[in-house]
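Just so you know, ligand 1 is whichever comes first in the structure, and atom 1 is the first atom listed for that ligand.
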Amino acid sequence: MYSAAITGTGVFTPQHTISNDELVDAFNAYAERFNAEHAEAIAAGEVEAKPQSSSEFILAASGIERRYVLDKSGVLDPDRMFPRLPARADDEPSYMAEMAVDASLQALSQAGRSADDVDAVICAASNHERAYPAIAVEIQNLLEINGFGFDMNVACSSATFGIQTATDMIRAGSIRSALVVCPEICSAHLEWRDRDCHFIFGDVATAVLVERDEGLERPHFKIRSTRLATQFSNNIRNNDGFLRRTHDQMEDRRDMQFMQNGRKVFKEVLPLVSQHIAGHMADDGISADDLKRLWLHQANKSMNDYIGKKVLGRAPEDGEQPNILQDYANTSSAGSIIAFAKYSDDLGAGDIGLICSFGAGYSVGSVIVERA
Ligand code: CO8
């Protein structure tokens, strides 16, 4: 049985940002138009009026200040309210592959490795641009990697599920290394016309290089242990899928985009995650005092404050539980990895940290790492 380590990380950040104020201005213009167009039906009680959104609410409820997106103009056009991403020809790279390649090259460079050193690509994300061929196989091709690639989806928890999958293959000896990439184009499946969720998501791609822990010369993070859990819930759901046209309902259906009961998610996921982390740490033989850093899924600041306090038994000190959601919003599976990539270099040999992602499914995954 071999051991595995994270030797490199990369983050692709799109060039466009949308501030809360810009987002709210576009939403409110859309809502005003909608209400004017449906004035009679609203007065007759047949259609619900669209209430106005507010930047103050968004910041207070989520901690999000802005988000990165691949396309800004479509999202902020009150007549459209979703991104403009021209279709790519079959001989062009897909959007997800392009983002993932950028992040992967950064991860390889940090690890001092090239494509020749990689045996597998796992594309772990909440949505995939097409059914097949797998995006991972396209990324493998673009990077000229030998071996194999496959896609997987566990929504917001995809990164940690991908890391455990790669780690298990390395432990078993079937591969020596894998790139686990999380390209997330959340802007394309967010319903920007729904006030309750229009502020939640952003776009990004992350990459993590996981290698056999043998003769590593550069600083890296040993993977001490991993743990995954799922528990079925309909509280975060997206009904889009390949059976869509067979249902004979081709109209613009709300349930084909991201749907959630945010309050229930908040209440049900917090105990699930806190208990999961506590159980994982106990089985790994570490206590709260041993933990130097928590890189949590980035959905909501209050959620992270709560989990941090539960895990450590006290309010986390500055830097102990870094948040990036103020700048990136919720980027689904990529969130905890952005935090890890940006806030891990300062740890010293022997320092222990925990990466945790959670979300739809419900799903939760944790990875305990040790700096070496
Ligand atoms: N502006 C002003 N007021 C608003 C707005 C707004 N934008 N939105 C809602 N309100 C109002 C509501 O209507 C409500 O009014 P009232 O009290 O009169 O009914 C009031 O404000 C409070 O609303 P909520 O109860 O909804 O507000 P919360 O305090 O619960 O905050 C949150 C909402 C921020 C959504 C919060 O519930 C939350 O963060 N929950 C957890 C969500 C979460 O973690 N979800 C994980 C989903 S991600 C995942 O698993 C991956 C899915 C795949 C990716 C999909 C990509 C698109």
So if I count the atoms of ligand 1 from 1 in the order they appear, which ones are less than 4.0 Å from some heavy atom of [X]?
X: S54; value: 1 (N), 2 (C)
X: S332; value: 51 (C), 53 (C), 54 (C)
X: Q260; value: 35 (C), 42 (C), 43 (C), 45 (N), 46 (C), 47 (C)

- Mode of E184 contact toward ligand 1 - side chain, backbone, both, neither (heavy atoms, under 4.0 Å):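 No part of E184 is near ligand 1 at this cut-off.
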
- Item | ligand 1-proximal atoms of I236, by part, heavy-atom distance under 4.0 Å |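 For I236, only side-chain atoms sit under 4.0 Å from ligand 1.
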
- Does the ring centre of F221 sit less than 6.0 Å away from the ring centre of F340?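 Yes, the ring of F340 comes within the 6.0 Å limit of the ring of F221, centre to centre.
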
- Item | H198 ring center within less than 6.0 Å of F27 ring center |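 F27 vs H198: aromatic centres under 6.0 Å.
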
- Would you please determine whether E56 falls within less than 4.0 Å of ligand 1 on a heavy-atom basis?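 In this structure, E56 fails to qualify as a contact of ligand 1 - no heavy atom is under 4.0 Å.
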
- Going by heavy-atom distance to atom 41 (C) of ligand 1, choose the closest among S302, G262, S53.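 Looking at heavy atoms only, the winner is G262.
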
- Item | For atom 48 (S) of ligand 1, the option (of C156, A360, G359) bearing the nearest heavy atom |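 Closest candidate by heavy-atom distance is C156.
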
Return the residue, atom name and 0.1 Å-rounded distance of the protein heavy atom closest to [atom].
atom: atom 44 (O) of ligand 1; answer: A299 CB, 3.4 Å
atom: atom 23 (O) of ligand 1; answer: F57 CZ, 3.9 Å
atom: atom 31 (O) of ligand 1; answer: A61 CB, 3.7 Å
atom: atom 13 (O) of ligand 1; answer: R195 NH2, 2.7 Å
atom: atom 38 (C) of ligand 1; answer: N300 ND2, 3.5 Å
atom: atom 55 (C) of ligand 1; answer: H189 CE1, 3.3 Å

- Task: Give the cluster check for V273 versus I337: same hydrophobic cluster or not, with ILVMFWY residues linked at side-chain heavy-atom distances below 4.5 Å.
- Result: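 No, V273 and I337 fall in different hydrophobic clusters.
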
- Task: Just say parallel, tilted or perpendicular for the rings of H280 and H276, cut-offs at 30° and 60°.
- Result: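 The arrangement is perpendicular - the two ring planes meet at more than 60°.
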
